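Everything below concerns the one structure shown next.
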Amino acid sequence: MSENSEAPGAGNPPGSEPPGSTTPGPQPEPLLFFGTTWVDHDGGYGLRRAGAAVGSLAAAVAACFVLRLAFQGLEIADVGSLVGILIVLMFAICSAVAFRKTWEGFSRRPADPAREANLRGLKTIGFVGSLIAYFLRTFKEAPGEQLRRTEYETALARYAKRRSSRTGNPAARKTRTTKGKRPKRK
């Protein structure tokens with residue numbers, strides 16, 4: 001979210017403004033596959049949500065197929081049942097953790113970014129869980145829309161408050177008449 005307190009293009013050469021910066025104030029943060037269509041649900045927002053749902057489900061199914069082929073390769077290599085069970089457990093646990101962390105990431109920013117960076121490898125192994133979380137979230141909204149909308153509305157409210165507190169010329173207020181004010185005490 002950018003909070004521009006200047007007029008658009010102030011200090012920038014003509015034509016170098018970022019797209020969508022036609023108004024001063026905070027600008028919405030674009031979402032992956034949705035851009036800023038989530039703000040007003042325009043520009044094919046519904047079709048994009050449907051496409052994201054179908055795409056993430058297709059990717060999850062394809063990923064499960066690839067994992068099945070890898071598991072069959074382990075069976076052909078005859079590595080033993082213990083290794084097969086450990087592999088299945090590893091992917092199941094990693095997918096569950098990835099699902100949970102991805103789902104939480106749609107509604108709030110991580111409290112500890114360093115911890116999230118440490119979990120990146122685990123989430124990569126459990127990518128099927130992340131794809132399923134993405135698929136399920138598209139039924140409610142664009143994934144991450146709730147978080148971005150809350151931040152955007154907060155930034156707009158702060159910007160409006162700052163702008164309203166600075167209206168008028170403070171020097172002109174001092175020269176006004178004291179009509180309607182109490183007389184000073186002696």
Side-chain angles (χ1 to χ4, degrees), residues 1-59 98-120 123-124 127 129-182 184:
M1 197 83 47
S2 64
E3 292 189 33
N4 300 327
S5 58
E6 300 176 357
N12 295 335
S16 66
E17 298 93 10
S21 65
T22 58
T23 60
Q27 300 298 318
E29 187 176 340
L31 289 174
L32 183 64
F33 304 123
F34 294 91
T36 57
T37 61
W38 60 268
V39 177
D40 296 322
H41 293 185
D42 60 352
Y45 173 80
L47 290 174
R48 289 174 190 232
R49 269 184 54 193
V54 169
S56 59
L57 183 61
F99 177 89
R100 181 172 166 252
K101 289 297 182 182
T102 303
W103 192 264
E104 287 175 356
F106 292 144
S107 58
R108 63 181 172 87
R109 298 271 183 196
D112 185 12
R115 186 167 187 265
E116 288 296 315
N118 290 339
L119 289 174
R120 188 172 296 140
K123 288 170 67 175
T124 302
F127 63 98
S130 293
L131 289 169
I132 292 172
Y134 203 85
F135 168 71
L136 293 175
R137 191 60 171 208
T138 56
F139 289 115
K140 179 180 178 187
E141 64 184 5
E145 179 181 346
Q146 176 185 3
L147 174 65
R148 301 303 195 305
R149 186 172 301 283
T150 303
E151 291 174 348
Y152 180 59
E153 289 172 353
T154 302
L156 282 175
R158 273 188 283 150
Y159 180 77
K161 184 177 178 182
R162 277 197 330 253
R163 296 295 294 174
S164 66
S165 66
R166 291 190 283 182
T167 57
N169 184 355
R173 285 188 219 142
K174 293 179 184 176
T175 60
R176 285 189 214 153
T177 61
T178 58
K179 182 179 180 182
K181 292 186 178 179
R182 290 186 180 179
K184 290 185 179 180

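All values below were derived from every heavy atom in this structure, side-chain atoms included, with hydrogens, water molecules and symmetry-related copies excluded. Just so we're clear, the structure is a prediction, and the values are computed from it rather than from any experiment.
Distance CG/Leu32 to OH/Tyr134: 5.0 Å, rounded to 0.5 Å. Leu147 contributes atom CG, which lies 9.5 Å from atom CD of Glu141 (distance to the nearest 0.5 angstrom). Interatomic distance, CD of Glu104 versus CZ of Arg109, reported as 14.5 Å (0.5 Å rounding). Note that CG of Leu57 is 9.0 Å distant from CG of Leu136, once rounded to the nearest 0.5 Å. With rounding to the nearest 0.5 Å, the separation of OG1 in Thr124 from CG in Leu119 is 10.5 Å.
The closest side-chain heavy-atom distance from Trp38 to Pro28 is below 4.5 Å. The side-chain heavy atoms of Lys101 and Arg115, taken from C-beta on, include a pair separated by under 4.5 Å.
For CZ of Arg149, the number of neighbouring non-hydrogen atoms (other residues, nucleotides, ligands) closer than 6.0 Å is greater than 12.
The shortest heavy-atom contact between Phe33 and Arg48 is O-NH1, 3.3 Å. Summarising the geometry of Thr150 relative to Thr154, their closest heavy-atom pair is O-OG1, 2.8 Å, with the distance given to 0.1 Å. Nearest heavy atoms, Pro24 versus Tyr159: CB-OH, 3.5 Å. Of all heavy-atom pairs between Phe106 and Pro143, the closest is CE2-CB, 3.4 Å. When every heavy atom of Ala52 is checked against every heavy atom of Thr138, the shortest pair comes out as CB-CG2, 3.9 Å. Closest of all the heavy-atom pairs between Tyr152 and Pro26 is CE1-O, 3.6 Å.
Thr102 contributes no side-chain N or O that, together with a main-chain N or O of Phe99, makes up a donor-acceptor pair within less than 3.5 Å. Put simply, the side chain of Arg137 never gets that close to the backbone of Trp103: no donor and acceptor are under 3.5 Å apart.
The side-chain contact (heavy atoms from CB on, under 4.5 Å) check on Ala142 picks up Leu31, Phe34, Tyr45, Glu145, with sequence neighbours excluded. Partners of Arg49 according to the salt bridge (Lys or Arg N to Asp or Glu O under 4.0 Å) rule, which considers only residues two or more places apart in sequence or in another chain, do not exist here.
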